[in-house]
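Before any comments, here is the structure.
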There are 2 protein chains.
Amino acid sequence: MNAPITEHLAYLLAQANREINRQLELRLSKEGVPVEQWRILKVLSDGDGHSMGELADAVLLNHPTLTKMIDRMVSDTLVYRVQDPNDRRKVLMFISDRGKVLCKKLNSLAVDQEEHILESYGDKPTSELKRLLESLIDSSN
Amino acid sequence: MNAPITEHLAYLLAQANREINRQLELRLSKEGVPVEQWRILKVLSDGDGHSMGELADAVLLNHPTLTKMIDRMVSDTLVYRVQDPNDRRKVLMFISDRGKVLCKKLNSLAVDQEEHILESYGDKPTSELKRLLESLIDSSN
DNA sequence: TTGAAAATATTGAATATTCAAGAATTGAAG
DNA sequence: CTTCAATTCTTGAATATTCAATATTTTCAA
């Protein structure tokens with residue numbers, strides 16, 4: 001017989017991702033915000049304008065999904081669109097003041113989670129895991 | 001400023017998972033099968049009957065999604081349902097002969113991928129990463 | 001300079017997922 | 001034994017995601 005599915009890297013990643021994501025979702029739900037929106041706010045919180053393509057890459061969403069999520073966030077006045085003056089094909093996304101306030105709250109919820117992981121999983125394993133994940137991602141490009 | 005999103009464990013996991021999953025998807029698409037169906041076949045390939053609840057846990061899908069995916073797989077005669085004689089609330093899923101044949105092909109495609117990762121990423125980092133992921137998952141329960 | 005190809009974002013239809021409710025069966029307390 | 005709560009799975013409606021097509025702008029070669 002072949003190796004069981006629980007030994008495949010793809011499966012272990014999916015499982016770990018699912019679990020950690022579930023925990024984070026649970027915390028962010030206190031503010032009624034999906035994980036993807038937190039990512040968007042966090043990327044935009046540098047105050048710069050980011051094009052949709054750039055954003056889609058950064059927040060791990062494909063274009064149409066991002067467009068529709070941004071539509072919602074614009075309705076909620078968390079972010080706003082500006083046409084890029086240098087390339088009018090592009091739309092630059094900016095975070096609003098309301099978005100910044102929300103983002104701060106979300107950050108602290110996310111930090112709570114990271115601290116919880118550090119406690120139960122350990123300091124060294126966590127940083128070692130992060131290092132390995134980064135290098136796996138690098139080696140996949 | 002807060003830590004950038006790229007330093008959060010949740011983000012790194014999502015990114016790595018997305019990338020590895022994308023690669024696996026690409027291989028399995030040669031047989032026109034989504035990753036989740038491969039997982040289902042693999043779990044069932046022990047020949048035992050598995051209840052829907054058990055399966056849903058194992059393949060990281062929630063109940064209704066699994067039910068509908070199983071409906072498709074039953075249509076394709078890859079698996080079949082049998083009512084559990086000991087507990088008639090339960091449905092036991094079995095893999096068919098056709099399912100077994102397909103599963104073998106998929107396994108070798110998946111093994112290809114694992115080997116590709118081992119080559120580009122290295123033998124030791126891979127097993128170390130797997131170990132850390134397993135223990136993260138453990139510590140989250 | 002013009003026109004074709006590439007890049008960027010959005011839209012709408014098709015598909016898939018999720019949530020909440022329902023049906024069937026079992027378990028267990030009174 | 002009966003009844004009520006819990007377990008298991010499925011269904012249908014609401015929601016979200018994806019694919020393919022479209023519109024707009026830019027790039028670049030002829």
Side-chain angles (χ1 to χ4, degrees), chain A residues 14-15 17-19 21-26 28-29 32-40 43-44 48-76 78-94, chain B residues 14-15 17-19 21-26 28-29 32-40 43-44 48-76 78-94:
Chain A
Q15 199 182 359
N17 179 52
R18 185 180 160 91
E19 179 57 27
N21 204 60
R22 198 190 55 76
Q23 287 174 19
L24 181 56
E25 214 164 44
L26 198 68
L28 299 189
S29 72
V33 176
V35 175
E36 290 77 13
Q37 289 198 14
W38 171 59
R39 289 199 198 125
I40 292 170
V43 170
L44 296 186
D48 298 344
H50 294 262
S51 75
M52 292 296 280
E54 210 184 320
L55 248 190
D57 279 353
V59 304
L60 315 176
L61 248 36
N62 49 19
H63 275 216
T65 306
L66 179 63
T67 292
K68 285 155 192 172
M69 182 160 285
I70 288 287
D71 286 347
R72 288 191 284 273
M73 294 176 78
V74 169
S75 297
D76 295 342
L78 297 171
V79 300
Y80 57 94
R81 288 182 233 246
V82 175
Q83 198 175 60
D84 185 338
N86 297 119
D87 184 341
R88 286 176 5 231
R89 290 170 301 183
K90 295 187 186 174
V91 171
L92 297 180
M93 298 304 313
F94 290 88
Chain B
Q15 200 181 358
N17 178 52
R18 185 180 160 91
E19 179 58 27
N21 205 60
R22 199 190 55 77
Q23 287 174 20
L24 181 56
E25 215 165 44
L26 198 68
L28 299 188
S29 72
V33 175
V35 175
E36 289 78 13
Q37 288 197 16
W38 171 59
R39 289 199 198 125
I40 291 169
V43 169
L44 296 185
D48 299 343
H50 294 262
S51 74
M52 291 296 280
E54 211 183 319
L55 248 191
D57 279 353
V59 304
L60 315 176
L61 248 35
N62 49 20
H63 276 216
T65 306
L66 179 63
T67 292
K68 285 154 193 173
M69 183 159 284
I70 289 286
D71 286 347
R72 289 191 284 274
M73 294 176 78
V74 168
S75 298
D76 296 341
L78 298 171
V79 299
Y80 57 94
R81 289 182 232 246
V82 175
Q83 196 174 62
D84 186 336
N86 296 119
D87 183 341
R88 282 169 16 224
R89 289 169 301 181
K90 294 187 186 175
V91 172
L92 297 181
M93 297 304 313
F94 289 90

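Labels below follow one simple rule: chain letters A, B, ... track the order of the sequence lines, proteins then strands, and each chain is numbered from 1. Predicted model, so just to flag it, every value in this text is computed and none were measured.
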Within this structure, what is the [atom1]-to-[atom2] distance between [X] and [N], rounded to whole angstrom?
X: A/Met69; N: D/dT15; atom1: CE; atom2: P; answer: 15 Å
X: B/Arg18; N: D/dT17; atom1: CZ; atom2: P; answer: 12 Å
X: A/Asp87; N: C/dA6; atom1: CG; atom2: C1'; answer: 12 Å
X: A/Arg89; N: D/dT25; atom1: CZ; atom2: C1'; answer: 6 Å
X: A/Met52; N: D/dT24; atom1: CE; atom2: C1'; answer: 15 Å
X: A/Arg72; N: D/dT15; atom1: CZ; atom2: C1'; answer: 9 Å
X: B/Glu54; N: D/dT8; atom1: CD; atom2: P; answer: 11 Å
X: A/Asp84; N: D/dT24; atom1: CG; atom2: C1'; answer: 14 Å

Worksheet item: With sequence neighbours excluded, what pairs up with A/Ala58 under the side chain to side chain contact (heavy atoms under 4.5 Å, CB included) test?
Response: A/Val43

Worksheet item: By a strict heavy-atom criterion of less than 4.0 Å, which residues belonging to residues 55-67 of chain A are in contact with DNA chain D?
Response: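 Listed by number, they are A/Asn62, A/Pro64, A/Thr65.
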
Worksheet entry | Candidate nucleotides D/dT17, D/dT26, C/dA9, ranked by approach to the side chain of A/Lys68 - the nearest | D/dT17

Item to complete: Output every pair passing side-chain hydrogen bond (donor to acceptor under 3.5 Å, both in side chains) with a member in residues 51-61 of chain A, not counting sequence neighbours, ordered by first then second residue.
Response: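 The answer is A/His50-A/Glu54.
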
Discussion item. Taking the basic N atoms (NZ, or NE/NH1/NH2) and the acidic carboxylate oxygens, is any pair closer than 4.0 Å for A/Arg22 and A/Glu19?
Written reply: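 Between A/Glu19 and A/Arg22 there is a salt bridge, with a charged N closer than 4.0 Å to a carboxylate O.
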
